[in-house]
Amino acid sequence: MTARTPEQPSPRVLDPDDLRAIDDDPLALDTRDDRPVLIPALPVPVFVRAARRLRDEKRLDVLLPYATAEQLSSLLDLDGWVRDRIDIRRARLWLHAIAEHSPADGPRGTLADLVYAMDPELWTVALAAGTVVADLPEGQDDAIDRITAELGSLRTWETPDGFFVVGVPDDELGLRTLQTIHRVYEDDLAEGRKLCLSIQSLLPAEAEEELLRFRNGRLADLGFVEWEEAMKLLRPLDHRVAAEHEALDFSHLRHAQGLEHTVRWSGPELLRQVMGRLAFDEHGVRSREFLLLVNEVTSAQRFDPGDEVLQQRAIDQTQGTLALGLELLGRTTPSGMEVQAYLAQRVAAIGLRLTFRVGYGALDKVRAAARLLVRGGPVSLAGPGSLLDRPWGPAVAALGGLMPELPLDRPEAARSHGGGGKGTRPLRSLEDVARATLLVAQASALVQLCFGGYGVDPAWLGRVDDAGRVTLGDLVRTAIVHAHLPGSTSALAPLTPDDLAWARANLLTPDDLVDAVRRDFAERCADLGIGEHQQALAENLLLRLRMELLALEDDAEGKPDLRRVGGILTIQHVSLWLGMRHGEPRN
């Protein structure tokens with residue numbers, strides 16, 4: 001069948017204030033008389049955000065009747081898939097809403113036109129899962145009863161043309177499926193029959209693969225390029241090269257209008273200042289370029305394009321990296337020229353993409369150092385850096401990612417620092433880079449102190465009953481006790497209740513650990529050449545040792561209860577291994 005093109009009002013150019021108002025509160029559409037021309041002009045990201053929020057408010061009636069096929073296809077692309085698979089439930093609910101809110105007073109075939117303009121195969125795949133379409137023979141009076149009995153517990157419905165009986169699961173989603181098919185029949189009897197025939201003959205795997213190809217093409221138009229292409233963005237660029245780079249042609253970004261008004265420059269102050277220095281038209285070009293960059297960052301990390309939380313995370317990462325790039329580029333400011341003015345000129349000349357690559361150069365060095373540490377020593381078990389104490393373990397894990405981030409002390413603080421509440425935030429300045437570099441260096445120093453300074457045998461990590469609960473700090477604290485324990489002949493062995501009782505009595509002062517512990521600790525750090533990190537290591541390792549010894553609780557026999565000990569390796573942690581050494585059966 002030749003697809004019919006539904007008539008749409010000519011879209012209007014949105015006023016920036018209108019666009020921001022709708023993006024902030026989609027319910028504002030309810031008071032607008034110009035919805036038939038206003039809604040088709042909404043950029044896809046704004047339309048999708050509005051649709052999600054109006055769905056939650058149960059007010060899709062103010063949006064969907066006026067949407068274009070392109071907008072609706074993008075809505076399904078971003079909210080009807082999970083990675084590379086169609087999310088049948090979500091897709092089906094959206095298709096039901098689209099069918100329900102298709103203009104009822106339009107000419108017959110309006111919904112059919114929309115189905116063809118979107119992608120009829122998507123409607124078939126989304127509605128087919130769990131749906132049975134049985135042919136209804138002519139002239140057999142008992143055919144309906146027989147087919148209904150064969151379909152068992154499925155809810156059945158006879159199509160208006162008398163050709164089929166449709167069976168669906170007897171639940172809300174099944175009912176929505178019947179309502180959607182019924183709405184297509186109401187719109188065009190012939191198209192309803194074609195939909196049922198398509199469901200009957202569907203080969204789901206082949207159809208979904210074909211739909212995925214079309215979806216990927218549409219996502220690429222929005223900037224969600226293939227992973228290999230997106231990774232080109234993460235090629236470091238020296239700031240001195242960027243300073244001398246010739247001006248680039250950005251004419252391809254000067255034609256699109258509207259979406260740039262939704263960009264919120266909520267990143268570091270330097271980024272906001274530089275963007276504020278740009279001329280109005282130039283600011284629009286850079287805002288459009290920024291949105292494409294965000295989508296590339298999303299693709300590079302293989303984020304689901306439809307995940308709003310991950311999309312916001314990509315926005316924060318992109319703004320942070322741009323700010324870092326500007327700070328580095330600012331080092332090349334000519335003498336006597338204001339930094340912000342110079343950076344605005346450079347951004348207008350080379351754009352944000354090269355500026356991003358300058359910033360990523362610093363991130364890449366931090367990432368390489370974190371990954372080298374993970375590959376070079378026993379610091380990981382459950383995940384990268386999992387054997388390292390806080391703050392070094394979480395730091396190494398976060399800094400080793402494709403877009404390195406810094407851990408926060410409190411996960412809930414991440415929401416106010418551009419981390420989406422996940423416990424990390426993007427690096428946004430050279431100060432952040434220095435902090436990240438220091439954390440990796442301190443983590444490396446901990447490894448050296450454990451296995452070199454105190455001579456701990458890494459084999460102990462395989463002897464602990466639950467190795468996931470032990471850190472290198474636990475091993476160092478245990479080795480410190482052994483270093484001062486009378487008669488101890490090994491660098492490290494699980495501590496007994498008597499060992500802990502001795503440590504509590506002899507290694508504590510009213511305010512601190514005894515001087516001998518701190519002197520020995522400092523000497524070992526100096527011998528390893530890690531004296532610059534001694535204070536940071538001591539604040540973690542020695543403070544925890546003191547707190548653990550102070551917190552020891554005695555059992556009924558008056559000895560430290562090993563079940564309540566943490567931060568130190570005891571025989572309680574290696575009971576199974578010790579039992580096997582002595583020939584005892586392992587339960």
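- Atom CG of Asp79 and atom CZ of Arg52 lie 4.0 Å apart (nearest 0.5 Å).
- Geometrically, Arg215 does not engage Phe224 in a cation-pi contact defined by less than 6.0 Å to the ring centre and at most 45° from the axis.
- Gln319 contributes a side-chain N or O that, together with a main-chain N or O of Arg264, makes up a donor-acceptor pair within less than 3.5 Å.
- Counting only distance, with no hydrogens or angles, the side chain of Arg108 and the backbone of Glu186 share a donor-acceptor pair below 3.5 Å.
- Salt bridge annotation for Lys194-Asp188: absent, with no cationic side-chain nitrogen under 4.0 angstrom from a carboxylate oxygen.
- Atom-to-atom distance recorded for Leu64:CG and Leu72:CG is 6.5 Å, nearest 0.5 angstrom.
- In this structure, Glu70 places its CD atom where only 12 or fewer heavy-atom neighbours from other residues, nucleotides or ligands lie under 6.0 Å away.
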Can Tyr185 and Cys196 be said to form a side-chain contact (heavy atoms from CB on, under 4.5 Å), step by step?
CA-CA 10 Å; Tyr185 263 104; Cys196 286; 3.8 Å; yes
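- Using modelled atom types and a 3.5 Å distance limit, the side chains of Asp304 and Gln311 yield no donor-acceptor pair.
- Residue Gln340 holds its CD atom at 12.5 Å from CZ of Arg272, rounded to the nearest 0.5 Å.
- Using a 30° and 60° split on the angle between ring planes, Trp265 and Phe290 fall in the tilted class, from 30° to 60°.
- Taken to the nearest 0.5 Å, the CG atom of Leu363 stands 5.0 Å off from the OG1 atom of Thr321.
- Using a 4.0 Å cut-off between charged nitrogen and carboxylate oxygen, Glu100 and Arg183 do not count as a salt-bridge pair.
- Of all the heavy atoms in Leu406 and Leu427, the pair that sits closest is N-CD1, 3.7 Å.
- Comment: Arg425 does not engage Asp316 in a salt bridge, judged by the lack of any side-chain N to carboxylate O separation of less than 4.0 angstrom.
- Using a 4.0 Å cut-off between charged side-chain N and carboxylate O, Asp61 and Arg59 make a salt bridge.
- Looking at Leu324 and Leu430, their side chains come closer than 4.5 Å, going by heavy atoms from C-beta outward.
- Within 6.0 Å of the CD atom in Glu269, the count of heavy atoms belonging to other residues, nucleotides or ligands exceeds 12.
- Within the 4.5 Å cutoff, no side-chain heavy atoms of Glu210 are placed close to those of Glu121.
- Residue Leu38 holds its CG atom at 4.0 Å from CD1 of Ile22, rounded to the nearest 0.5 Å.
- Across all non-hydrogen atoms, the minimal contact from Ala126 to Leu95 is CB-CD1, 3.6 Å.
- Ala314 and Thr298 get closest at one heavy-atom pair: CB-OG1, 3.3 Å.
- Proximity of a side-chain donor or acceptor of Gln71 to a complementary backbone N or O of Thr68 within less than 3.5 Å is detected.
- Here the side chain of Glu191 pairs no donor or acceptor atom with the backbone of Ala112 at under 3.5 angstrom.
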Between Leu63 and Leu42, does the side-chain contact (heavy atoms from CB on, under 4.5 Å) criterion hold? Intermediate values first, please.
CA-CA 11 Å; Leu63 180 73; Leu42 292 178; 4.3 Å; yes
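- Within the 3.5 Å criterion, the main-chain N or O of Pro107 finds a donor-acceptor partner in the side chain of Thr110.
- His96 contributes atom NE2, which lies 8.5 Å from atom CG of Leu93 (distance to the nearest 0.5 angstrom).
- Side chains of Leu248 and Leu354 form a contact here, defined as non-hydrogen atoms less than 4.5 Å apart.
- Within the 3.5 Å criterion, the main-chain N or O of Leu222 finds a donor-acceptor partner in the side chain of Asn295.
- Applying the side chain to side chain donor-acceptor pair (under 3.5 Å) test between Gln200 and each of Asp135, Thr131, Thr124 identifies Asp135 as the sole match.
- Taking each heavy atom of Thr177 and Leu127 in turn, the nearest pair found is CG2-O, 3.8 Å.
- Nearest approach of Pro407 to Pro391, heavy atoms of both residues: CG-O, 4.5 Å.
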Take Glu172 and Arg176, measure what salt bridge (Lys or Arg N to Asp or Glu O under 4.0 Å) needs, and give me the verdict at the end.
CA-CA 6 Å; Glu172 180 187 1; Arg176 297 280 184 97; 3.0 Å; yes
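- With respect to Arg213 and Glu209, a salt bridge is recorded, a charged nitrogen being found less than 4.0 Å from a carboxylate O.
- Considering only residues two or more places apart in sequence or on other chains, Ala349 meets the side chain to side chain contact (heavy atoms under 4.5 Å, CB included) condition with Ala247, Arg346.
- Applying side-chain contact (heavy atoms from CB on, under 4.5 Å) to Val297 and the options Ile315, Leu234, Leu402, Thr318 leaves one that passes, Thr318.
- Across Leu114 and Ile98, no two heavy atoms sit closer than the pair CD2-CG2, 3.7 Å.
- Inter-residue side-chain proximity for Leu237 and Phe356 is flagged as unmet; no heavy-atom pair is nearer than 4.5 Å.
- Distance alone, capped at 3.5 Å, places no donor-acceptor pair between the Arg155 side chain and the Leu178 backbone.
- A donor and an acceptor atom, one from each side chain of Thr159 and Arg193, are nowhere located under 3.5 Å apart.
- You'll find the side chain of Trp81 reaches within 4.5 Å of the side chain of Ile86, heavy atoms only.
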